[in-house]
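Please read the structure below before turning to the comments.
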Amino acid sequence: AQTVTQSQPEMSVQEAETVTLSCTYDTSESDYYLFWYKQPPSRQMILVIRQEAYKQQNATENRFSVNFQKAAKSFSLKISDSQLGDAAMYFCAYRRGSGGGADGLTFGKGTHLIIQP
Amino acid sequence: ETGVTQSPTHLIKTRGQQVTLRCSSQSGHNTVSWYQQALGQGPQFIFQYYREEENGRGNFPPRFSGLQFPNYSSELNVNALELDDSALYLCASSLGRDYLRNEQFFGPGTRLTVL
């Protein structure tokens with residue numbers, strides 16, 4: 001079974017600085033997708049960014065980018081120019097790609113990101 | 001366009017009771033997934049419904065069951081509640097089963113406390 005590990009329970013960064021959140025995963029599949037979700041105190045999960053495993057190019061969404069290292073099974077999230085509104089729990093998630101069935105997402109335990117003004 | 005809504009927001013039950021949680025999908029979405037998020041943990045996949053049929057299930061016992069209605073709203077039912085069932089229950093909707101291409105939108109969750 002696949003697992004997702006986030007080794008940083010909490011990270012703190014100064015406003016306007018850059019922070020990187022780590023995620024590693026374990027799978028025997030070759031076709032899969034990786035996601036970063038943000039969960040603010042309102043509890044509503046918001047998709048930040050996603051990466052298809054077959055794509056070599058790292059995904060980017062405005063201030064958010066990923067460093068996808070397929071061989072190392074690593075998927076880190078970089079947040080540039082951190083803003084107070086970025087403060088939240090961040091979850092890394094995995095899903096098997098095509099092949100049938102609805103497996104759902106496998107989430108890590110999350111990283112609590114604190115933004116210092 | 002309304003987002004995903006869930007009711008109730010909070011709920012307190014006692015061990016052994018049964019509970020029903022409700023989810024209204026985002027307009028036009030025909031797929032709904034349910035997740036359990038224990039305190040301090042990431043969400044865990046319970047099951048998914050597509051066009052009123054369960055088409056995927058995580059590692060949860062049969063006392064966790066669900067329904068999806070013709071309007072694509074959904075219910076999660078849990079029988080014989082246990083203390084470990086205390087958690088935030090999230091539902092997420094998307095258009096089509098392949099939510100890898102169609103973004104999955106989450107609701108704000110229902111906080112269930114079992115005493």
Side-chain angles (χ1 to χ4, degrees), chain A residues 1-10 21-25 29 31-55 59 61 75 77 88-112, chain B residues 2-6 8-10 23 26 30-51 53-60 64 66 68 74 76 87-94 96-112:
Chain A
Q2 60 275 358
T3 58
V4 177
T5 302
Q6 294 179 249
S7 59
Q8 305 154 316
E10 187 173 279
L21 308 184
S22 301
C23 172
T24 59
Y25 58 95
E29 302 285 340
D31 181 19
Y32 54 88
Y33 294 74
L34 297 165
F35 306 82
W36 278 99
Y37 279 89
K38 170 185 177 181
Q39 187 177 40
S42 68
R43 310 185 313 199
Q44 198 147 3
M45 285 278 195
I46 301 164
L47 178 64
V48 174
I49 199 166
R50 69 182 180 191
Q51 174 82 40
E52 292 89 339
Y54 63 84
K55 288 187 177 179
E61 289 285 344
F75 183 61
L77 174 69
M89 285 294 293
Y90 284 81
F91 292 94
C92 178
Y94 163 101
R95 187 190 182 269
R96 188 167 63 103
S98 60
D103 297 345
L105 294 164
T106 299
F107 286 87
K109 289 188 175 182
T111 296
H112 181 210
Chain B
T2 57
V4 179
T5 60
Q6 292 186 243
T9 305
H10 297 91
C23 172
Q26 182 151 323
N30 54 16
T31 302
V32 65
S33 301
W34 284 90
Y35 291 83
Q36 180 196 66
Q37 186 178 14
L39 196 62
Q41 303 293 318
Q44 282 194 288
F45 175 65
I46 303 175
F47 45 57
Q48 177 175 300
Y49 277 80
Y50 172 68
R51 292 185 174 179
E53 291 192 4
E54 183 182 304
N55 75 329
R57 189 176 184 94
N59 189 26
F60 279 80
F64 285 79
Q68 188 180 31
S74 176
L76 164 64
L88 179 68
Y89 287 85
L90 299 168
C91 81
S93 75
S94 62
R97 285 178 291 186
D98 187 4
Y99 59 80
L100 301 172
R101 294 180 177 81
N102 303 300
E103 185 175 342
Q104 195 176 42
F105 292 86
F106 281 82
T110 293
R111 173 74 65 191
L112 172 65

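Every value quoted in this text rests on a predicted model; they were computed, and no experiment measured them.
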Legend entry - Y35(B) side chain vs G104(A) backbone, donor-acceptor pair below 3.5 Å: no
Inset, instruction - Give a yes or no on whether E10(A) atom CD has more than 12 heavy-atom contacts from other residues, nucleotides or ligands under 6.0 Å away. - result: yes
Inset, instruction - Side-chain contact test, heavy atoms from C-beta onward, threshold under 4.5 Å: evaluate it for R43(A) versus T9(B) and give yes or no. - result: yes
Legend entry - E54(B): salt bridge (charged side-chain N to carboxylate O under 4.0 Å, His left out) partners, not counting sequence neighbours: R57(B)
Inset, instruction - Select one option (side chain, backbone, both, neither) describing which atoms of Q39(A) are under 4.5 Å from chain B's heavy atoms. - result: side chain
Inset, instruction - Measure the shortest side-chain to side-chain distance between F91(A) and P43(B) over non-hydrogen atoms and say whether it is less than 4.5 angstrom. - result: yes
Legend entry - Segment of L90(B) engaging chain A (4.5 angstrom heavy-atom cut-off): side chain
Inset, instruction - Flag the pair R95(A) / F45(B) as yes when at least one side-chain heavy-atom distance between them is below 4.5 Å, and no otherwise. - result: no
Legend entry - F106(B) CZ to I46(A) CD1 distance, which is reported to the nearest 0.5 Å: 11.0 Å
Inset, instruction - With a 4.5 Å cut-off on heavy-atom pairs, point out which of G58(B), P108(B), G42(B) contacts chain A the most. - result: P108(B)
Legend entry - Straight-line distance of F35(A) CZ to Q104(B) CD, nearest 0.5 Å: 8.0 Å
Inset, instruction - Identify which of G40(B), G109(B), G107(B) forms the greatest number of heavy-atom pairs closer than 4.5 Å to chain A. - result: G107(B)
Legend entry - Pairing residues for W34(B) by the side chain to side chain donor-acceptor pair (under 3.5 Å) criterion, not counting sequence neighbours: S74(B)
